[in-house]
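This report refers to the structure that appears directly beneath it.
Below, each value reflects all heavy atoms present in this structure, side chains not excepted, and no hydrogens, waters or symmetry copies. Bear in mind that the values here come from a model prediction, so they are computed numbers and not experimental data.
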Amino acid sequence: MTDPTPAAPPPVEPERPFVVEARAVVKRFGSLEVLKGIDLSVQRGQTMVIVGPSGSGKSTFLRCINRLETLNGGYISVEGEIMGYRRQGDRLYELTDAELARQRTRTGMVFQQFNLFGHLTALQNITEAPVRVLGLDREEARARARALLATVGLEHKADSYPAQLSGGQQQRVAIARALAMQPSVMLFDEPTSALDPELVGEVLGAMRSLAQSGMTMIVVTHEMSFARDVGNTLVVMDDGRIIEQGTPAEVLDHPTTERAREFFSRVH
């Protein structure tokens, strides 16, 4: 095990309401610095929406939260646990692959593409990970999967294969699959960008219901109406930095930077 730091960051106090905390997060790909010191805190039950031009670092930041990308600086914690590390005394040690897989269950990720297993039905796509990773009894996992399909309005599609579903239906199955792991936070990486326009509403409707149920969510999207109506906090990123942050009404109606005003003029 490597010892990446001489001292661990201060622990997140249990009574603090933050589910996700990012502190001074830096990410580089070779000589390209994609994230340049990101600081964010996401409260329990909050929906944080992140917007910004392509290449601003939004999707990379989401991938850093669940450790699909390793950091070059700073740290991210979920439920007070530093992602990618375990604490021993005042030092941090990298997790093994198996430990990291277990830690990732705290975060549910929904991608632009649906990434469903084509040879499995909707029900089977949802039950597989809870059985294999969490060790859930298969019948209990199936019951949970059926309940989650009902939550996203697809209980009648339990035995359908992905090829038999529309893009919007596949994305809703992907949401149910992520929820099956009972994550602390749901991460959405532009979940409607691959959909035909007439299918966007059904996915946003499922996400809206999820937010109303109290799920903590971080959503990268270009859907400004969703940001305004559902988000508690709106973050604008540009060139690897946060340039605006506040309530959706504050940020959308009264942006303080010229770059944000320019961006909103193009997406409204």
- Is atom CD of Gln164 surrounded by more than 12 heavy atoms (other residues, nucleotides or ligands) closer than 6.0 Å?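 Count over threshold, so yes.
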- Task: Check the pair Tyr85 / Arg91 against side chain to side chain donor-acceptor pair (under 3.5 Å), numbers first and verdict last.
- Result: CA-CA 10 Å; Tyr85 300 96; Arg91 296 181 182 269; over 6 Å; no
- Would you please name every residue forming a salt bridge (Lys or Arg N to Asp or Glu O under 4.0 Å) with Asp253, sequence neighbours left out?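 With neighbours one apart ignored, the set is Arg228.
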- Please list, chain by chain and in numerical order, all residues satisfying salt bridge (Lys or Arg N to Asp or Glu O under 4.0 Å) with Arg106, sequence neighbours excluded.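 Residues passing salt bridge (Lys or Arg N to Asp or Glu O under 4.0 Å) with Arg106: Glu81.
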Any sub-3.5 Å donor-acceptor pair from [X]'s side-chain atoms to [Y]'s backbone N or O?
X      : Y      : value
Arg259 : Ile243 : no
Lys27  : Thr70  : yes
Asp137 : Glu140 : yes
Thr105 : Ala101 : no
Gln169 : Ser166 : yes
Glu21  : Val78  : no

- Message: If you apply the rule side chain to side chain donor-acceptor pair (under 3.5 Å), what do you find for Thr60 with Glu69, and how did you get there?
- Response: CA-CA 7 Å; Thr60 298; Glu69 302 288 354; over 6 Å; no
- Query: If you round to the nearest 0.5 Å, how far is CG of Leu210 from CE of Met215?
  - Reply: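 Here the rounded value is 5.5 Å.
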- Query: Taking atom OG1 of Thr107 and atom CZ of Arg63, what is their separation to the nearest 0.5 Å?
  - Reply: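 Reported to 0.5 Å precision, the distance equals 11.5 Å.
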- Please, which pairs that meet salt bridge (Lys or Arg N to Asp or Glu O under 4.0 Å) have at least one residue in residues 163-192, sequence neighbours excluded?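 Sorted pair list: Arg172-Glu202.
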- Message: For a quick test of reading the model, state the closest non-hydrogen atom pair linking Leu148 to Ala176 and the distance between them.
- Response: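 What the structure gives for the nearest pair is CD1-O, 3.5 Å.
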- Heavy-atom closest contact (Val49 atom, Gly231 atom, distance):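 Nearest heavy atoms, Val49 then Gly231: CG2-CA, 4.0 Å.
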- Message: For residues 30-39, which residue pairs pass the side chain to side chain donor-acceptor pair (under 3.5 Å) check, not counting sequence neighbours?
- Response: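 Side chain to side chain donor-acceptor pair (under 3.5 Å) check on residues 30-39 returns Lys36-Asp239.
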- Item | Chi angles and distances behind the side chain to side chain donor-acceptor pair (under 3.5 Å) call for Thr257, Glu244 | CA-CA 7 Å; Thr257 64; Glu244 301 267 355; 3.0 Å; yes
- Show which residues join Val131 in its hydrophobic cluster (side-chain heavy-atom contacts under 4.5 Å, direct or indirect), or state none.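 For Val131, no cluster forms, as it stays isolated from other hydrophobic side chains.
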- Could you work out the complete set of other residues in the hydrophobic cluster of Phe117, with links drawn between I, L, V, M, F, W and Y side chains under 4.5 Å apart?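 Its cluster mates, by chain and number, are Leu120.
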- Item | Side chain to side chain, Asp238 and Pro53, heavy atoms closer than 4.5 Å |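 Yes, their side chains come closer than 4.5 Å.
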